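Atoms within a ligand are numbered from 1 in the order they appear, just like the ligands themselves. All of these numbers come straight from a predicted model, not from anything done at the bench.
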Amino acid sequence: MRQSLHASDRGLRCFFDKSLSSGVGHAAGNVLGRVHYGHGSASALDQGTPLLSVHMAGPGTDPFTEVWVTDRPVRAGARGDLLYAEDGEHIFCATRVPARDVYRDAVHEAYHEAFALIAGLGYTRPFRMWNLVGSITGGNADDMEIYQDFCVGRAKAFEEWSDRIGPMPAATGIGTLSPGIDLYFLASRDGVPQHLENPRQTPAYNYPDRYGPKSPSFARATYLRGTGGDPDTLYVSGTASIVGDDTVRHGDIAGQCEVTLANIEALIGAENLRRYGVEHGFRLTDLDHVKVYVRDAEHLPAVRARCAEAFAGHAEVAYLNVDVCRRDLLVEIEGICR
Ligand SMILES: C=C(O[C@@H]1C=C(C(=O)O)C=C[C@H]1O)C(=O)O
């Protein structure tokens with residue numbers, strides 16, 4: 001049975017369930033966690049596994065559920081505000097920071113708790129993180145942009161934990177439609193993550209301080225070498241129209257799409273991967289489970305058309321109409337290659 005599976009059907013994998021059923025019954029594998037990109041925010045253990053619901057679907061986009069599955073048996077639990085599920089090699093962990101005036105301390109605490117949980121259970125290698133931030137470019141009670149406020153708390157947690165959990169992995173930091181911050185993470189026990197930078201972009205952790213008092217804590221991508229027969233997987237961070245550290249093609253949605261796609265091509269291509277000892281590269285048509293974040297609803301048709309050309313016909317692609325982490329960014333794209 002196992003031999004007859006395609007490589008992409010083995011190991012830790014995800015799919016987008018657009019059927020609107022939040023059930024887990026039809027998933028081909030054991031469910032490690034689900035993230036429902038819909039109309040409300042909540043988190044709970046549901047049918048024995050973590051379910052994080054985030055308010056990110058709007059009038060011009062369809063709700064969907066990202067479902068993470070594995071072949072191994074899963075054990076789920078809750079600790080404090082954290083929900084998690086583990087399969088002996090991977091852990092999925094989710095939490096929510098409720099709306100508040102200033103976020104940094106609560107974000108630091110949430111990250112600290114998550115790192116303590118995953119490291120305590122032996123999953124010391126985070127390889128992908130999602131940070132879903134309400135009013136991301138709005139101001140907090142101290143008049144600091146909420147994304148910058150968030151970055152301060154996250155950076156402090158990484159400074160304290162990097163000796164135990166290694167370098168910063170691939171991530172997404174994106175807007176949502178309700179106040180508060182939803183976080184979900186994936187980490188491995190034995191699989192060794194290789195974190196990648198983009199030759200066209202300044203590493204985000206080296207951005208100059210004009211973007212905020214603490215630079216964002218993430219790598220441009222993480223290549224996870226599978227263990228025990230799992231395939232290798234490349235997790236591509238949320239990528240936008242940034243060259244060096246500058247936003248380029250201001251106000252030009254077609255231009256920002258081209259720069260974003262060119263950035264991803266350079267990141268996942270053979271030349272860049274060879275720098276990290278990975279012997280083969282990927283193309284845009286290898287990208288799957290793609291999320292495309294579009295700031296302005298009026299740009300959705302143009303972005304959908306360009307993405308339909310760029311990605312493989314069989315790729316799962318979901319669109320969300322939400323703010324990006326800089327006001328001048330109109331579009332952002334992430335995905336997974338294997
Ligand atoms: C678009 C960028 O950053 C965004 C913010 C991230 C974060 O703070 O975790 C990660 C990737 C992107 O979603 C960028 O700086 O290029």
Ring centers of [X], [Y] separated by less than 6.0 Å:
X: Y205; Y: F158; answer: no
X: Y84; Y: F92; answer: no
X: Y37; Y: F64; answer: yes

Quick one: does ligand 1 sit under 4.0 Å from the side chain of N131, the backbone, both or neither, non-hydrogen atoms only?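 The answer is the side chain.
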Part of R154 with heavy atoms under 4.0 Å of ligand 1, whether side chain, backbone, both or neither: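 The side chain, only.
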Would [X] count as a contact of ligand 1 if the rule is a heavy atom under 4.0 Å away?
X: I242; value: yes
X: A204; value: no
X: R220; value: yes
X: Y207; value: yes

Nearest-neighbour protein heavy atom for [atom], which is reported as residue plus atom name and distance:
atom: atom 13 (O) of ligand 1; answer: E332 OE2, 2.4 Å
atom: atom 6 (C) of ligand 1; answer: G173 N, 3.2 Å
atom: atom 2 (C) of ligand 1; answer: C325 SG, 3.8 Å

Would you say ligand 1 has an N or O under 3.5 Å from any N or O of Y147?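 For ligand 1, there is an N or O atom that lies under 3.5 Å from one belonging to Y147.
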Between R306 and E309 (salt bridge meaning N to carboxylate O under 4.0 Å), is one present in this structure?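 A salt bridge links R306 with E309.
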SB check R249 D328 (cutoff 4.0 Å):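 Salt bridge between R249 and D328, a charged N being under 4.0 Å from a carboxylate O: no.
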Modelled atom types, side-chain donor and acceptor of S237 and R220, under 3.5 Å: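 Side chains of S237 and R220: no pair found under 3.5 Å.
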Would you indicate whether N140, at its atom CG, is surrounded by more than 12 heavy atoms from other residues, nucleotides or ligands within a distance under 6.0 Å?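 Yes, CG of N140 has more than 12 neighbouring heavy atoms, counting only those of other groups under 6.0 Å.
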